[in-house]
Amino acid sequence: MSDFNFNNKTFMLVENTGNGQVNTETIFNYKQDGNLVTADYFGGSVKYGKIIARLDGNKLDMLYQCITTEGELRAGKAIATISLTSMAKLKLHLDWQWLTDTDEKGQSEYIEVD
């Protein structure tokens, strides 16, 4: 079992590579049940998105999908490395890859917000 708790936590983007979909207007609302971690996300160019992940130690093995404000369906996968900030907030560093349209890869970082 992990020492990390994602239940009822909110995250926002810190930085993303240019081929990513989310931006600083996108909000992620997480839930957790044991090693199952899920999130709904929306804002910016994302009308609605969903994450399902398996928590294993300090890693999240994620699948995600969204519909954009342009009506495009997108899906991808990521491995998130979890760490804590000096203020004891969760931080995620993602290595991700699109599964729809292209195989483009990128990196992004997210931080827990109040």
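Just so it is clear, the values below take in all heavy atoms, side chains as well, and ignore hydrogens, waters and symmetry mates.
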Consider only side-chain heavy atoms of I, L, V, M, F, W and Y, link residues closer than 4.5 Å, and tell whether Leu13 and Val113 are in one cluster.
no
Is it true that Met12 and Val14 fall in one hydrophobic cluster, defined by side-chain heavy atoms closer than 4.5 Å?
yes
Under 4.5 Å between any side-chain heavy atoms of Val37 and Leu55, yes or no?
yes
Holding to side chain to side chain donor-acceptor pair (under 3.5 Å), I want the full list of residues that pass it with [X], two or more places apart in sequence or in another chain.
{"X": "Thr38", "answer": "none"}
{"X": "Thr68", "answer": "none"}
{"X": "Lys105", "answer": "none"}
{"X": "Thr100", "answer": "none"}

Who are the ring-ring contact (aromatic ring centres under 6.0 Å, His included) partners of Trp96, not counting sequence neighbours?
Trp98
Which residues satisfy the ring-ring contact (aromatic ring centres under 6.0 Å, His included) test with Tyr30, sequence neighbours excluded?
Phe6, Phe11
Ser83: what forms a side-chain contact (heavy atoms from CB on, under 4.5 Å) with it, not counting sequence neighbours?
Lys91
Applying side-chain contact (heavy atoms from CB on, under 4.5 Å), can you list everything that pairs with Asn7, at least two apart in sequence or on another chain?
Asn5, Lys31, Gln32
Hey, could you give me each pair passing salt bridge (charged side-chain N to carboxylate O under 4.0 Å, His left out) that has a residue in residues 39-48? Not counting sequence neighbours.
Asp40-Lys50
Does the pair Gln65 and Leu99 meet the rule for a side chain to side chain contact (heavy atoms under 4.5 Å, CB included), with working shown?
CA-CA 9 Å; Gln65 59 189 2; Leu99 298 175; over 6 Å; no
Taking Thr26 for its side chain and Gly43 for its backbone only, find out whether a donor-acceptor pair lies under 3.5 Å.
yes
Pair up each side-chain donor or acceptor in residues 70-82 with any protein partner under 3.5 Å, not counting sequence neighbours, and list the distances.
unit_1, atom_1, unit_2, atom_2, d
Arg74, NH1, Gln21, OE1, 2.9
Thr81, OG1, Lys59, NZ, 2.9

Give every residue pair that meets the ring pair (Phe, Tyr, Trp, His ring centres under 6.0 Å) criterion with at least one member in residues 37-62, sequence neighbours excluded.
Phe28-Tyr41
